[in-house]
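One structure is given here, and the rest of the page talks about it.
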Amino acid sequence: MAQTDVEGKTNEITRFRPLLEGLDLDGCVLTADALHTQRDHATFLVTEKNAHYVLIVKKNQPTLHTQLKRLLWKQVPVADRQRDRGHGRDERRTLKVLTVKAGLLFPHAVQAMQIKRQVRDLNKGKWRTVTVYAITSLPTWQASPGDLATWIRGHWSIENRLHYVRDVTYGEDHSQARTGNAPRNMAALRNLAIGALRLTGATNLARH
């Protein structure tokens, strides 16, 4: 299965269907951040495009987030562990997975995930823990815990390499360009600048 990232900004929600309508997504797995954890998006992907999703769930879906948080995670063993060291920090991730047979208020969701990320700066030594929840339309026989962990990590890698740079280095969230095509055009220019810098081998985009 192929993985496609559809992370977007608020003003891009209405373009979700037009963006994907003409693509052949049969058998693909699409990952998206909490912005696109929308019921109509999930229904469109599964019923119309014959695709699957892995979606992050945050408090913009309060009922769903509460449902996931209240699942009996303490009774669920860790299904996948990963650890990375680099760029001045140490990161540990654990993944727990539960099959959801009924009762989860989201279309086509059959597995729920709890991801715990522990991060510390190598020169400080204090761990920070963040708990994240996710859902997927993929049943266990199509997606192992290792597969799910890989897809989520791949999504965050995309987010870190592009969207984090747009948000933090280029200050996109504070942009005053909010009317007409200006937000889309400015996002395209930022993407162009980021891509051009990476092609030159730049690793610290903030310096440029």
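Because only heavy atoms are used, hydrogens play no part in the values below, and waters and symmetry mates are left out as well, while side chains stay in.
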Distance, nearest 0.5 Å, that separates [atom1] of [X] from [atom2] of [Y]:
| X | Y | atom1 | atom2 | answer |
| --- | --- | --- | --- | --- |
| R93 | L95 | CZ | CG | 10.5 Å |
| L72 | K74 | CG | NZ | 10.5 Å |
| L45 | L30 | CG | CG | 5.5 Å |
| W127 | R117 | CH2 | CZ | 12.5 Å |
| K69 | Y133 | NZ | OH | 6.0 Å |
| Q82 | E91 | CD | CD | 9.0 Å |

Checklist entry - Is the side chain of T37 donor-acceptor paired with the backbone N or O of I56 at a distance under 3.5 Å, no angle test? => result yes
Checklist entry - Is a donor on one side and an acceptor on the other found under 3.5 Å between the side chain of K49 and the backbone of L23? => result yes
Side chain to side chain, [X] and [Y], heavy atoms closer than 4.5 Å:
| X | Y | result |
| --- | --- | --- |
| H41 | H36 | yes |
| V97 | L148 | yes |
| D90 | Q118 | no |
| W151 | T136 | no |
| D33 | K58 | yes |
| T94 | D80 | no |
| V29 | V54 | yes |

Shared ILVMFWY cluster between [X] and [Y], side chains joined below 4.5 angstrom?
| X | Y | value |
| --- | --- | --- |
| F106 | W73 | yes |
| L55 | L71 | yes |
| L25 | F44 | yes |

Next on the checklist: Could you go through V76 and Q114, starting from their C-alpha distance and side-chain angles, then the distance that decides it, and tell me whether this counts as side chain to side chain contact (heavy atoms under 4.5 Å, CB included)?
Outcome noted: CA-CA 10 Å; V76 180; Q114 182 197 68; over 6 Å; no
Considering residues at least two apart in sequence or located in another chain, which fulfil the side-chain contact (heavy atoms from CB on, under 4.5 Å) criterion with [X]?
| X | answer |
| --- | --- |
| T140 | T99, Q111 |
| L104 | L64, Q67, L68, V100, A109, I135 |
| S137 | V46, H52, Y53, H108 |
| D24 | D26 |

Checklist entry - R70: what forms a salt bridge (charged side-chain N to carboxylate O under 4.0 Å, His left out) with it, not counting sequence neighbours? => result none
Checklist entry - Taking only residues two or more places apart in sequence or in another chain, which ones pass side chain to side chain donor-acceptor pair (under 3.5 Å) with D147? => result S144
Checklist entry - Can you name the nearest heavy-atom pair linking Q38 to N60, along with the distance? => result NE2-ND2, 4.4 Å
